[in-house]
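Order of the sequence lines sets the chain letters (A, B, ...), proteins ahead of strands, with each chain counted from 1.
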Amino acid sequence: MQTRNGNQAPFVEVPDEEQMKRLAELHKQVTASDQKIKDYRTTAAQSPEFQKWITKKSEEARQSGGTKQLEGLIHWFPINASAKDFRDELTGSAAVAEKGKFEVSDRETSKALKLNGGTQFKFDTPVNVEFNLPFSLTGWIKPNGKPTGAILSKMDDKASFRGFDLWMEGGKIGTHIVNSWQENALKVVTKETLKPDQWQHVVLTYDGKHKASGIKIFIDGRLATNEVQSDTLKGTINTSQPLRIGSRSTSANWKGEVDDLRLYSRALREEELTAAAGGDPIQDILAAPAKNRTPDDNKTLLARYLGSQDKAFKDLVAAKAKLEKQRADLNRKPVTSMIMQDNPPDKMRMTYVLDRGAYDSPKKEEVIRPAVPKALPPLPEGAPANRLGLARWLTQPSHPLTARVAVNRYWMMLFGEGLVRSVGDFGGQSTPPTHPGLLDWLAVDFMESGWDVKRMLKQLVTSKTYRRSSKIESMHREKDSENELLARAPRFRLQGEFIRDHALAVSGLLNPMVGGPGVKPYQPANIWNEVSLNGGLRYKQDQGDKLYRRSMYTYWKRSSPMPNMLIFDSPSREKCVIQRQRTNTPLQALVTLNDPQFLEAARAFAERLLKSGKSDPAARIDLAYRYATARLATGREVEILTQLYQKNLARFQSSPETAKEFLKVGESPRDESLDSSEHAAWMVVAQTIMNLDESLTRN
Amino acid sequence: MQPFNPLLETRRQFLLRTGNGIGAAALSTMLNPSLIGSAMGEGMQPYGGLPNIPHFPGKAKRVIYMFMAGGPSHIDLFDYKPIQRKLHGTELPDSVRQDQRLTGMSSGQKSFPCVAPMFEFGQYGEHQTWVNKDLLPHTAGVVDKITIMKSLHTEAVNHDPAITFINTGAQQQGKPSMGAWLSYGMGSVNENMPGYVVMISRGRGQLQALYDRLWGSGFLPAKHQGVKLRSAGEPVLYLKNPKGFDREARRGQLDSLEQLNELNYDKFADPEIQARISQYELAFRMQSEVPGLMDIEGEPDHVKELYGPQTDKPGSFARNCLLARRMAEKGVRYIQLFHRGWDQHGALPSKIRQQCEDIDQPAAALLKDLDQRGMLEDTLVVFGGEFGRTIYSQGKLTKDNHGRDHHGRCFSMWMAGAGVKRGFEYGKTDDHSYNIIENPVHIRDMNATILHQLGIDHNKLTFKYQGLDQRLTGVEEAHVVKDILS
């Protein structure tokens, strides 16, 4: 959750590794599912049951005389009651719900498909329709009011609407046949509108001669008057987009009911219209002698057989549809990040001098254009006067500030104070650098490395200066109490985020995942609703490894920030704070002693020690010190902590319930095979080590 | 063998010096660590504060500010006029509105009918001031102790900027709150208590948001920020030990921790190590002392009854008022009680009744309680919100229901104690309680007056930041409202 209504434009899509992994997995699953279906079909086609069924059904069909269906039917969508039966009857291609759910209504004795304006289905059957081939579309249509949208389409919105559709606009019905809208396309709609909320039979025929005059539209058997809106079709309408019912590829959802949609590979004649309005085309295939059947006919029969008889097949198809829907859903919700973008040139906001500074008195004759201060170098050659130009200006080698300010801040982060003490002010009233030559050298080095931050930080922490001892000798106190000359390493408390990260790291709980949305770790109850609008905003804590990400990923509510961070002097971020304070308060002690985040870390740290393979308390204490302070414990330290361990072990052993309670903190599971009194006692030791001044300090 | 060095004062020596007040000292040092550890053999002197403050003797030693967040309707509380009964239902005249911009919430309305309060008002006190009889009977009973100011005004139109304005002196974020200024200027009081305490209670009306910055320290050092104490649940976050680890166990652990840290100190000689040892000790003491501070068990029944039935409810305004008196007694200089829920854009008659049920008796009780103990002489009490509400109805005006929109052009507050006139009324608005006709008081004037009663010249309490001598009262002129002071 980034804002109340999600990210607002402009934004970019951010590749989400987890999402991509799941997509890849789903893709594999869909392919596997598809293969299963193919294999099933092959087996079924050769099965004796299928032959028996054909024989039986053929007999029935011949007796009833068939329904004299029309030739050229290539796709047929009658609607049945169950979603699992929604398919192209001729090819067996099953419907996949891209959006919305399958809903039916009644049309006389049969069922119809209900499209609510947000539903769409796709079919992965190949469809042989081209700009120079005739075709006909027929169907029973009941529009909801006077809708606009595509009842059926095989069209790619993003590729200038290449493809074709059965289209309604404001109650009129027609078609687009498009190579590229609008300079290479046909569009015809009827002058008459369809009656709203009533069933009508529509037949649309196209003679394949890529002229609008070749399109005829019949409503309930009567030829309608054409309104030609585009007559420029010259090229292919082929697209990889699938056939859809209910919409186009990314738009034009249609609202209403449809039934018995058919696609023929020829232009039907007027006398054939009634036949297109009813009956069961497959009966004719069955009625005809077996030797007259084409391979396509056989495929159709197989589809009918599997679709009507075979539950196992239907389940396979439904399973694949479900996976495809999951994949479509995932694809639809990309992770986005908001960005900045300039207005188009004709919409740029003008800035004017304000008369005496009054915000509502701009002097329109005194336009202000973006520029840089005279005291600094000018904008580089050819740099536009916008944010890009500003970026180029800031990063040009001759700019005296950017790199120096930047390296000074990295220096401050690692050494406690910048080379320039007044970190936010390099101007005339600032503190001069303690080592001007070094500052400039670092700045140039930074720029020349390509502004490589990691490299700079590594350079600083591997320097001799950084690695000096921070022990204060009397000489230091006499000659350089403020440590400006850096004769010793600085010693200062780590910033709040590092303290939490450090606890998570030594405990082994730290989730090193980089990037992605922020997370909500533990927080005391009711903090948000105490101050939030309407007291209604509740902090919904995350679960699992989201609780252990680095602190910079913690969701930050500026009017009521994460208290354990605030207590360690994190600014609220309502205003830019360049240099944090470094207080030393009992509230901080309470956090590292009682905050569940830190208690849980201590528990996990203890578990780490218990499972380290070392069983001797001294060895475990050494290991703990190595993790927490990067050195081994001294003999005296081992003594003190061993005593602490033994006292607590005795205490927990004498009342095992307290051990269990103490260990219960945090959501991560505990290894139950570890003895709870021992684990609890080591948790106390671990926590003590994590609370050493040395653990909380850059030594 | 280390030579003796005053920097190396041990914890034991420190504790011996400070003696009894250690529990209360714990609170004061929650944010003010300079009180411990870094002593140079001076003994326990009041720390901090600017050398020339107070600029002159002030009548007030402390302030209790009852902040009614959301914009309480001044018309329904204190600024009623009988003529409003006649104006009820009539359109707000242009001559009164004078082209004031309307907020986005009511600008779409086609009509702006004036609404007289749907409550009974009475005249009270020696000066016969109008007070809502239905909703504020207790406050009505103490009008002879207070000064009601009816001519407050602010430019801010909406809650966030307005509440930030009145608490920090500017509509833009980043400036210190008044309490932080006082902590910075006056330092810690002798009595070892924190300089600035905040408690929040919720009304039942629409709750506008509050922000950390309202009691923050802005660009002043962090130790001057308000200490937020919660009267329900843990008064201080993370105060309680975890389950299965009692005080005795904690004591043993801290003893070991201290020994280890002392070893570390011997190696590095960094005074911060000693300071940290002391912090852990203070944390340990706070765990036992702070809950006691928030506990009203010891209060006699008649006192609890004075504050009303809600006093028994932790987290209520009534409870917070009683706690405020206790903190005042212990020496906290600036106590701010935020009561939320006054933003009656709609359903005003029923909602404001609930709000008043929450605050009327406790606010009056606090005055009486302080007065009885002789503390009203040097305690300044303030009651008010960030702006007022419009005479015209927001939304439909029916026989028994209506709302009011925000109104910053005039609103009412009251003050009492520490030299503020008793039984006094200041400032006048027009018949519609819409415009000020006499003695306007900008909120910065109000703030200047509060500082004045504490003995501070608001022009001279400054802090250099971003090239400016920053002040609570900002860059524009502000006046002390001398007419309300005796």
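In this structure, the portion of Gln581(A) lying under 4.5 Å from any heavy atom of chain B is its side chain and not its backbone. Residue Asp425(A): no heavy atom, backbone or side chain, is found under 4.5 Å from chain B. Within the 4.5 angstrom heavy-atom criterion, atoms from both the backbone and the side chain of Val684(A) approach chain B. Only the side chain of Leu566(A) comes within contact range of chain B, judged by heavy atoms closer than 4.5 Å. Neither the backbone nor the side chain of Leu214(B) comes within contact range of chain A, judged by heavy atoms closer than 4.5 Å. Neither the backbone nor the side chain of Glu473(A) comes within less than 4.5 Å of any heavy atom of chain B. Contacts of Pro561(A) with chain B are made by side-chain atoms alone, with heavy-atom separations under 4.5 Å and no backbone atom involved. Residue Ser474(A): no heavy atom, backbone or side chain, is found under 4.5 Å from chain B. Ile472(A) touches chain B through backbone and side chain together, each having a heavy atom under 4.5 Å away. Contact annotation for Phe492(A): neither backbone nor side-chain heavy atoms come within less than 4.5 Å of a heavy atom of chain B. In this structure, chain A has a heavy atom under 4.5 Å from the side chain of Leu263(B), while its backbone stays farther away. For Ala633(A), no part sits under 4.5 Å from any heavy atom of chain B, backbone or side chain. Contacts of Thr688(A) with chain B are made by both backbone and side-chain atoms, with heavy-atom separations under 4.5 Å.
Within the 4.5 Å cutoff, side-chain heavy atoms of Met286(B) are placed close to those of Leu590(A). Proximity of Val665(A) to Pro242(B): side-chain heavy atoms (C-beta onward) are nowhere separated by under 4.5 Å. Residues Thr592(A) and Tyr280(B) have side chains in contact (heavy-atom distance under 4.5 Å, counting atoms from C-beta outward). Residues Gln172(B) and Lys575(A) have side chains not in contact (no heavy-atom distance under 4.5 Å, counting atoms from C-beta outward). In this structure, the side chains of Ile567(A) and Tyr238(B) come closer than 4.5 Å at one or more pairs of heavy atoms. Between Thr697(A) and Arg276(B), the closest side-chain pair of non-hydrogen atoms falls below 4.5 Å.
When each of Ile200(B), Leu239(B), Asp160(B) is checked for heavy-atom pairs under 4.5 Å with chain A, Leu239(B) comes out on top. Listed options Ala659(A), Ser470(A), Ala680(A), Pro571(A) were ranked by heavy-atom pairs under 4.5 angstrom with chain B; first place goes to Ser470(A). Counting heavy-atom pairs under 4.5 Å between each of Gln643(A), Arg491(A), Glu661(A) and chain B puts Arg491(A) at the top. Comparing Gly252(B), Ala249(B), Gly467(B), Gly218(B) by heavy-atom pairs within less than 4.5 Å of chain A, the highest count is held by Ala249(B).
To the nearest 0.5 angstrom, Lys647(A) atom NZ is 8.5 Å from Glu248(B) atom CD. Between the CG atom in Leu260(B) and the CG atom in Leu641(A) there is a gap of 5.0 Å [rounded to 0.5 Å]. Note that NZ of Lys664(A) and NZ of Lys243(B) are 7.5 Å apart. Values are rounded to the nearest 0.5 Å. For the atom pair Thr583(A) OG1 and Gln225(B) CD, the distance stands at 8.0 Å (nearest 0.5 Å). Between the CG atom of Leu237(B) and the CG atom of Asn594(A) there is a distance of 11.0 Å, given to the nearest 0.5 Å. Taken from CG in Asn264(B) to CG in Asn699(A), the straight-line distance is 6.5 Å, to the nearest 0.5 Å.
When every heavy atom of Arg230(B) is checked against every heavy atom of Ala525(A), the shortest pair comes out as NH2-O, 3.2 Å. When all heavy atoms are compared, the tightest approach of Phe652(A) to Gly244(B) is CE2-O, 3.7 Å. In terms of heavy-atom proximity, Ala589(A) sits nearest to Gln279(B) at CB-O, 4.3 Å. Between Gln173(B) and Glu574(A), the closest heavy-atom pair is OE1-O, 2.9 Å.
By the neighbour-count criterion of 12 heavy atoms within 6.0 Å, atom CZ of Arg247(B) is densely surrounded, having more than that number from other residues, nucleotides or ligands. Remark: Arg582(A) CZ is packed, more than 12 non-hydrogen atoms of other residues, nucleotides or ligands lying under 6.0 Å away.
Listed for the Asp693(A) side chain is no donor-acceptor partner under 3.5 Å among the backbone atoms of Asn261(B).
Side-chain contact, Tyr645(A) with Ser256(B): no donor N or O sits under 3.5 Å from an acceptor N or O.
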